[in-house]
2 protein chains.
Amino acid sequence: MVKERVTVIDIAHAAGVSKSTVSLVLQGSSLVNEATRAKVNAAIRDLGYVYNRGAANLRQSKSKIIGIVVNDLTNSFFAELAVGVDAVVQSAGFVQFLANTGEKIERQREVVASMREHGVSGLIISPARGTEAADLAPLVESGIPVVLVVRDIAGANVSSLISDNHAGAVAAVRHLIERGHQRIAFLGGFSDTAVFEARMRGYRDALVEAGMPVSESLIIGSAPSRAGGVTAVEQAMMLADRPTAALCFNDAVAFGVCDGLRARRLEPGADFAVIGFDDVIEAKTAVPALTTVSVDPQGMGQRAAELLLKQIKAGKAEPEAIVGSVRLVVRQSCGAAVERKREALA
Amino acid sequence: MVKERVTVIDIAHAAGVSKSTVSLVLQGSSLVNEATRAKVNAAIRDLGYVYNRGAANLRQSKSKIIGIVVNDLTNSFFAELAVGVDAVVQSAGFVQFLANTGEKIERQREVVASMREHGVSGLIISPARGTEAADLAPLVESGIPVVLVVRDIAGANVSSLISDNHAGAVAAVRHLIERGHQRIAFLGGFSDTAVFEARMRGYRDALVEAGMPVSESLIIGSAPSRAGGVTAVEQAMMLADRPTAALCFNDAVAFGVCDGLRARRLEPGADFAVIGFDDVIEAKTAVPALTTVSVDPQGMGQRAAELLLKQIKAGKAEPEAIVGSVRLVVRQSCGAAVERKREALA
DNA sequence: CTGTTAGCGCATTCAA
DNA sequence: TTGAATGCGCTAACAG
């Protein structure tokens, strides 16, 4: 049942005009007679013509397709990111190549090469671990706009969109202060990372901003894990002047903190406020009492796509470092999520 | 910094051969002299040549790209599905267009049209609600292989891949019987749906297979919701001869059953086995004690992609109805999931 | 084994 | 306003 591909020339023939006339109506040009336009459109419908974007792209050597490659599509964060990208990209009349690298740098090399061969006019990428600036060099040299999301790469001369850890910490601590907390701890994380430094600085700044003292004893590092959270909160509760709330390095730590609190017969959220950076994401559904600071993945995807489209339109791939918005989010109740999903698959 | 596109003719010139020779080495043809091949490859590397797949596609009027459109990429089920598709598609040297319809049928029309214009050589689609056979007709008529996943469409003359509800129910009930349960209830769901009918039939068949009686009083319908689960289990526990286990119509019902059990001071999993079809998916993380029957989304994606590729290779789009494999899965512990996610974003 | 020729389907000049 | 010619980058016949 494979029908012959019908081309502009076919419909030109059927409509009794030349193919360039057809081309004009296809692009909605205003300089074509209304009557002929109607005839052409009729022929298009009758013959079931479909525009061949590949040929058009070849001719004008530019495509309406962008690539998005993520390191773990299994992680719902990246799925949401892709949804955000898809939304704006679709609206702009583009389509997206999506590829998942599964954190494999070799896979990434392949898919990026493939996308380049396919002539993507821009690329959004959450690079696999270990990606180096050199890996992206061929792309930027050929003038293809690239925007990095989630993870930055030092020395890569491209735009990037990462979360604003400092602003997030400030927002979180303000949130706690507004609720009357006077002694707020910062728990978990290794102090030798840039991420830790940013979050910690936000924590300090927010306290200073509120005219509150910064007590070093309330800053307790640990492994950024659930177990680390347990030991950190235990140490905090040994203090003479115990905290009543904690900002945790990430949500894994926050879980551990909740565990530790329960071991002491304290109810997280009620007896002791705990708030964590949402690095782990999926865990959102697991601890109802937990408040998290997280970037909105879809929003990030949208901003990334907008940034990319702007660069594509501009022609010049002017690198532009942007710090993503970080929102303070109180987690969604489990019931609501379940209902939403149920409907989706009905 | 936009460099001129270097073409086969450039490298042919540089290597001192003709462009068709270059074309041959590009396709790894064996009928080209080893020495010239080396020269050509050197030129390719030196000039930074990138293959233009668009032009090649135009020439041979066939592309190495497949489309995948899902109704809700926000749902991790579909994200995993896309991962599965991506895996096999990448390995076959294809790339995938991914589009999310968000259950909007208009959006779906647009993206399907767009993909057609881009010349996808096949399409995997989880149709938006309300999609009709007519919506897919143009595709199949033009000879593009289509495989439907998750949701089937009556009258659409295409392959489809849906879960085997009957087999899943049989597997679940066998699972319970193996664990020594003698009185197993079937809880929740409206009996007028095809899905209910299939699951119920599997339940009955498994009991019969084991030589156990099918007691109508143990079959209790309800709304396929959490609340429905509560009422269903309450009714079940009023029976003179109480069940010790239940197969639930879906996981929302199963949650409700767990709720109802706890209200009666019974611990789900320990005092009473509950197992549910995993329609809701994300909820997997919420109830540790719950066992679910679910299709493996990645596996489904892989099978869909393989099926599609087979049809593409065959040239003929021979529709082929396939019932997806349904696996019995004991849900993953929360801790493991958290660790996995933490690493991913580190 | 290598070079020549002729399009794939479309957009873009230029004339008419 | 419309038609004729030209080429985007590549592959597929052939011919040498």
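A note on names: the letters A, B, ... follow the listed sequences, proteins ahead of strands, and every chain is numbered from 1. Since we're looking at a predicted model, the values are computed, not measured.
- Under 4.0 Å is where a charged nitrogen must lie from a carboxylate oxygen, and between A:E34 and A:R37 at least one such pair does.
- B:E132 has no carboxylate O lying under 4.0 Å from a charged side-chain N of B:R109, or vice versa, which leaves the two without a salt bridge.
- Contact check for B:I162 versus B:R151: no side-chain heavy atoms found under the 4.5 Å cut-off.
- Between B:K62 atom NZ and D:dT11 atom C1' the separation is 11 Å, expressed in whole Å.
- Contact annotation: the side chain of B:I153 approaches that of B:L148 to within less than 4.5 Å [non-hydrogen atoms, C-beta and beyond].
- We find that NE2 of A:H118 is positioned 22 Å from P of D:dC8, with the value rounded to whole Å.
- Nucleotide C:dT2 holds its P atom 13 Å from the CD1 atom of B:I11, rounded to whole Å.
- Atoms CG and CZ, from B:N71 and B:F77 in turn, are 10.0 Å apart once rounded to the nearest 0.5 Å.
- Atom NZ of B:K39 is separated from atom C1' of C:dT2 by 11 Å (rounded to the nearest Å).
- Annotation: side-chain hydrogen bond (donor to acceptor under 3.5 Å, both in side chains) contacts involving residues 47-68 of chain B, sequence neighbours excluded, comprise A:E117-B:R53.
- Residue A:N33 contributes atom CG, which lies 11 Å from atom P of D:dG3 at whole-angstrom precision.
- Counting only heavy atoms from C-beta outward, the side chains of B:V50 and A:S142 never approach each other to under 4.5 Å.
- Between the CD atom of B:E34 and the C1' atom of C:dT2 there is a distance of 15 Å, given to the nearest Å.
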Legend entry - Heavy-atom protein contacts under 4.0 Å, nucleotides 9-16 of chain C, coded B base, S sugar-phosphate only, - none: BBBB----
Inset, instruction - Would you write the dot-bracket representation of DNA chain C, where each base gets (, ), [, ], | or . depending on whether it forms a Watson-Crick or G-U pair under 3.5 Å and with which partner? - result: |.||||||||||||||
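- B:R107 and A:S91 share a donor-acceptor pair across their side chains, judged by distance under 3.5 Å alone.
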